[in-house]
Amino acid sequence: MSTRVRFAPSPTGLLHIGGLRTALYNFLFARHHGGSFILRIEDTDQERTVPGAVENIIEMLRWVGLEFDEGPHVGGPYGPYVQSQRLELYRQQAHLLVERGSAYYAFDTPEELERMREHQRRAGIAPKYDRFSMRNSFTLPPEEVRRLLSEGAPAVIRLLVPLDRQICFHDLIRGEISVHSRDIDDQVLLKSDGFPTYHLANVVDDHFMRITHVIRGEEWIPSTPKHILLYEAFGWEPPQFAHLPLLLNPDRSKLSKRHGDVAVEDFRRQGYFPEALLNFVALLGWNPTADRELFTLDELIASFELTKVNRAPAIVDRNKLDWLNAQYLRRLPLERLARELQPYLSQLGYPEFPQTYLMRAIALLRERVNRLPEIATFGDYLFIPPRSYDWDYFRKHWHEDLPQWLEELIRVLEQTEPFHAELLQQRIREFTESRGQPLRALVHPLRLILTGKSVGAGIFETMEVLGKSECIRRLREFLASQLPIFMEYLRTAV
RNA sequence: GGCGCAUUCGUCUAGCGGUUAGGACACCGCCCUCUCAAGGCGGAAACGGGGGUUCGACUCCCCCAUGCGCUACCA
């Protein structure tokens with residue numbers, strides 16, 4: 001039997017990195033075993049379904065490169081892959097269980113259920129559906145049940161959970177897990193609106209879609225025994241289960257928006273690479289080898305082992321993501337980076353640049369930032385003349401002969417050909433040394449004048465990228481209009 | 001409250017009865033250096049607690065503590 005796994009999100013919001021990791025582990029497991037990776041949309045709660053969520057999930061997974069073999073967007077032999085389109089199947093299966101005596105009708109109103117729970121709370125016992133005191137097939141005479149049903153009274157179908165039984169299953173990650181049936185509620189399977197609950201739909205679909213391994217978050221451990229019971233009631237072979245540890249906020253709470261961005265879309269917008277994000281979430285709860293951090297998707301596939309997934313929850317650490325992203329920024333081909341940088345520049349209102357110029361700019365700055373868009377901000381001076389100047393920095397390196405030197409330097413630069421970093425450094429060193437000054441006497445003022453800032457790439461490399469005419473233009477402009485401002489600043493600052 | 005799952009540096013983790021408890025991120029220091037990075041070198045930093053089992057426990061068992069999850073006609 002070939003391996004078949006599914007990623008089965010509820011379309012209740014944007015795909016977040018917890019979901020991304022679940023999808024990734026399913027994907028890795030499927031590819032590692034040469035099996036199929038299936039997308040199924042679990043939209044059985046009409047209330048919570050949000051428009052556009054399905055599209056977001058599909059788009060984000062496509063962005064990171066996790067391709068599905070079957071799903072609502074690609075089709076497949078076991079469709080439809082959206083639960084709201086399979087209602088008749090669930091209804092049939094639920095009634096089948098009733099006929100077999102594994103499930104029963106219940107007619108309680110929400111108010112009645114609430115009263116029951118209130119009673120139980122006051123009595124200090126665990127809230128649980130009381131099969132023997134509520135209005136259902138057990139307590140009502142058969143003809144009354146028939147009457148209510150034929151009149152179309154609101155009814156649900158509940159699972160008949162055995163009274164005294166230990167229910168065990170083997171979890172591929174955690175080993176044997178065992179729960180007593182008395183701690184399991186008579187779960188609603190079919191709601192009064194005709195929709196199935198998660199439990200019914202999930203089990204029915206996993207069976208009919210021939211799912212062999214259920215890999216999902218650990219929040220599902222407590223309901224797995226219910227699922228086992230359902231498989232038994234149907235007479236189906238249950239799949240293998242593997243429950244993944246949760247992803248947590250830095251304060252150990254369940255991952256949430258309150259602690260920063262968690263949606264995959266947010267990370268994309270901030271300029272993280274899909275490779276880096278995938279690499280990052282892959283390492284949250286599992287690692288192929290302890291002595292390496294960077295892995296391609298193919299490498300992850302090759303070494304993925306479900307049994308080596310950790311059991312303890314993992315805290316999402318942005319530092320590590322930033323570092324990983326920086327590693328990719330330094331390795332990815334310049335052509336691609338240049339292509340991806342231009343939109344960020346356009347967003348900032350900068351003009352279009354030739355690909356070769358962008359490539360040189362990126363090569364100059366990629367080791368100094370973590371994310372591609374930071375090149376547009378950290379290195380703004382490569383795309384637009386400085387609009388403000390760090391006067392403090394300039395003052396630190398100020399010399400009263402500086403204006404005169406700069407005038408002379410412009411003439412030196414005019415004659416520097418080729419305008420390459422090495423030659424520039426050589427010429428400027430000759431220039432300063434002939435005036436009894438160290439190289440830095442000009443390095444820092446030049447950095448300020450050309451970039452406006454005190455930090456950046458090597459100044460000679462920066463000059464080479466900017467090009468001769470731009471450097472000279474900025475120098476002239478500075479001498480003409482900025483120097484007087486600085487002199488004024490000097491007077492008032494002292 | 002009940003049930004379940006978990007517990008190695010701040011974080012991600014290696015370890016699968018005998019180790020100076022290893023690596024990575026972050027942090028600190030030094031070197032390099034035109035600034036900032038990058039890089040190199042070094043530092044600080046962990047087995048939650050208590051009982052067992054064993055010649056010997058981070059590793060196996062039990063209890064406790066703590067954290068988290070579930071306890072819906074939500075998933």
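Basis for what follows: all heavy atoms, side chains included, without hydrogens, waters or symmetry-related copies. Here is the naming used below: chain letters follow the sequence lines, and residue numbers restart at 1 for every chain.
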Engineer: Checking A:Arg21 against A:Tyr25: charged group under 6.0 Å from the ring centre and within 45 degrees of the axis?
Structural biologist: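 Yes; both conditions hold, so A:Arg21 lies above the ring face of A:Tyr25.
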Engineer: A:Tyr389 vs A:Trp391 aromatic rings, parallel, tilted or perpendicular, using cut-offs 30° and 60°?
Structural biologist: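 Ring orientation, 0 to 90° scale: parallel.
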Engineer: Give none if B:C27 has no partner; otherwise give the nucleotide forming a Watson-Crick or G-U wobble pair with it, both distances under 3.5 Å.
Structural biologist: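 Answer to the pairing question: B:G43, which forms a Watson-Crick or G-U pair with B:C27.
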Engineer: With P as the reference atom in both, quote the distance from B:C60 to B:A72 in angstrom, rounded to an integer.
Structural biologist: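 The answer is 35 Å between these two P atoms.
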Engineer: So that I can tick it off, tell me whether A:Arg174 and A:Glu218 are bridged by a salt bridge, with the cut-off set at under 4.0 angstrom between side-chain N and carboxylate O.
Structural biologist: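 Yes.
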Engineer: Do A:Arg252 and B:C68 have a side chain to base donor-acceptor pair shorter than 3.5 Å?
Structural biologist: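 No such pair is found, so the answer is no.
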Engineer: Assess A:Arg131 against A:Tyr129: is NZ or CZ under 6.0 Å from the centre of the six-membered ring, and within 45 degrees of the ring's axis?
Structural biologist: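 Negative - A:Arg131 is either too far from the ring of A:Tyr129 or too far off its axis.
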Engineer: What is the nucleic acid contact for A:Thr44, judged by heavy atoms within less than 4.0 Å: base, sugar-phosphate only, or nothing?
Structural biologist: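 Sugar-phosphate contact only.
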Engineer: Which donor-acceptor pairs under 3.5 Å do side chains of residues 458-465 of chain A form with protein atoms, sequence neighbours excluded?
Structural biologist:
| from | atom 1 | to | atom 2 | distance (Å) |
| --- | --- | --- | --- | --- |
| A:Thr462 | OG1 | A:Gly458 | O | 2.7 |
| A:Glu464 | OE1 | A:Ala421 | N | 2.7 |

Engineer: Which part of the nucleic acid does A:Pro127 contact within heavy-atom distance under 4.0 Å: base, sugar-phosphate only, or nothing?
Structural biologist: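 If one applies the 4.0 Å heavy-atom cut-off, A:Pro127 turns out to touch a base.
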Engineer: Checking base pairs now: Watson-Crick or wobble, both atom distances under 3.5 Å. What partners B:C68?
Structural biologist: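 Paired with B:C68, as far as the under-3.5 Å criterion goes, is B:G4.
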Engineer: In whole angstrom, what separates A:Leu246's CG from B:G4's C1'?
Structural biologist: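 So the CG-C1' distance, A:Leu246 to B:G4, works out to 13 Å.
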Engineer: Aromatic contact between A:Phe169 and A:Tyr231, with the criterion being ring centroids under 6.0 Å apart: yes or no?
Structural biologist: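 No, the ring centres sit 6.0 Å or more apart.
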Engineer: Among B:A24, B:C3, B:C25, find the nucleotide with the atom closest to the side chain of A:Glu293.
Structural biologist: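 Among B:A24, B:C3, B:C25, the one nearest the side chain of A:Glu293 is B:A24.
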Engineer: Please measure how far the P atom in B:A38 lies from the corresponding atom in B:U20, and state the result in whole Å.
Structural biologist: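 One P to the other, the span is 34 Å.
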Engineer: Do A:Ser192 and B:C73 have a side chain to base donor-acceptor pair shorter than 3.5 Å?
Structural biologist: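 Yes.
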Engineer: Among the candidates B:C73, B:U13, B:C34, find the nucleotide nearest to the side-chain atoms of A:Glu461.
Structural biologist: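 Between B:C73, B:U13, B:C34, the one nearest the side chain of A:Glu461 would be B:C34.
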Engineer: Measuring only the P atom in each nucleotide, how far is B:A26 from B:U11? A whole number of Å is fine.
Structural biologist: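 B:A26 and B:U11 have their P atoms separated by 16 Å.
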Engineer: Using a heavy-atom cut-off of under 4.0 Å over every strand shown, decide if A:Ile459 touches base, sugar-phosphate, or nothing.
Structural biologist: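 Here A:Ile459 touches the bases of the nucleic acid.
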Engineer: Counting distance alone, no hydrogens or angles: does the base of B:C34 have a donor or acceptor under 3.5 Å from a partner atom on the side chain of A:Arg447?
Structural biologist: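 Counting by modelled atom types and ignoring angles, a donor-acceptor contact under 3.5 Å is found here.
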Engineer: Paired with B:C36: which nucleotide, if any, by Watson-Crick or G-U wobble criteria at under 3.5 Å for both distances?
Structural biologist: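 With both distances under 3.5 Å required, B:C36 matches none.
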Engineer: Think A:Lys254 has a side-chain N or O under 4.0 angstrom from the OP1 or OP2 of B:C70?
Structural biologist: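 It does, given that an N or O in the side chain of A:Lys254 lies less than 4.0 Å from OP1 or OP2 of B:C70.
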Engineer: A:Trp286 and A:Phe304: aromatic ring centres closer than 6.0 Å?
Structural biologist: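 Yes; A:Phe304 has its ring centre under 6.0 Å from that of A:Trp286.
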Engineer: Is A:Asn202 touching bases, backbone alone, or none of the nucleic acid, heavy atoms closer than 4.0 Å?
Structural biologist: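 Answer is nothing: A:Asn202 stays at 4.0 Å or more from every strand.
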Engineer: In whole Å, what separates the C1' atom of B:U66 from that of B:G49?
Structural biologist: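 To the nearest whole Å, 10 Å.
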Engineer: For B:A75, does OP1 or OP2 lie under 4.0 Å from any side-chain N or O of A:Lys191?
Structural biologist: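 Yes, because at least one side-chain N or O of A:Lys191 sits under 4.0 Å from OP1 or OP2 of B:A75.
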Engineer: Report the base-pairing partner of B:U20 (Watson-Crick or G-U wobble, both distances below 3.5 angstrom), or none.
Structural biologist: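 Here B:U20 is not engaged in any pair, so there is no nucleotide opposite it.
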Engineer: What does A:Arg311 touch in the nucleic acid at a heavy-atom separation under 4.0 angstrom: a base, only the sugar-phosphate, or nothing?
Structural biologist: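 Contact class for A:Arg311: sugar-phosphate only.
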Engineer: If you assign each of A:Asp43 and A:Val179 to its closest nucleotide in RNA chain B, which residue comes earlier from the 5' end?
Structural biologist: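 The answer here is A:Val179.
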Engineer: Contact class for A:Gly217 vs. all strands (heavy atom < 4.0 Å): base, sugar-phosphate, or nothing?
Structural biologist: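 Since no nucleic acid heavy atom lies under 4.0 Å of A:Gly217, the category is nothing.
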Engineer: Using atom C1' of each nucleotide, how far apart are B:C73 and B:G69 to the nearest Å?
Structural biologist: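 The same atom, C1', in both gives a distance of 22 Å.
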Engineer: So what does A:Gln120 touch, heavy atoms closer than 4.0 Å: a base, only the sugar-phosphate, or nothing?
Structural biologist: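 No contact.
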Engineer: With rounding to the closest Å, how many angstrom separate the P atoms on B:U13 and B:G52?
Structural biologist: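 Those two atoms are separated by 33 Å.
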Engineer: Base, sugar-phosphate or nothing for A:Arg330? Non-hydrogen atoms, less than 4.0 Å.
Structural biologist: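 Sugar-phosphate, no base atom in range.
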Engineer: Using heavy-atom distances to pick each residue's nearest nucleotide on RNA chain B, tell me which of A:Ile177 and A:Ile315 is more 5'.
Structural biologist: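 Its nearest nucleotide being more 5', the pick is A:Ile177.
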Engineer: Distance check, P atoms only: B:C25 and B:G43, in whole angstrom units.
Structural biologist: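 Comparing P positions in B:C25 and B:G43 gives a spacing of 16 Å.
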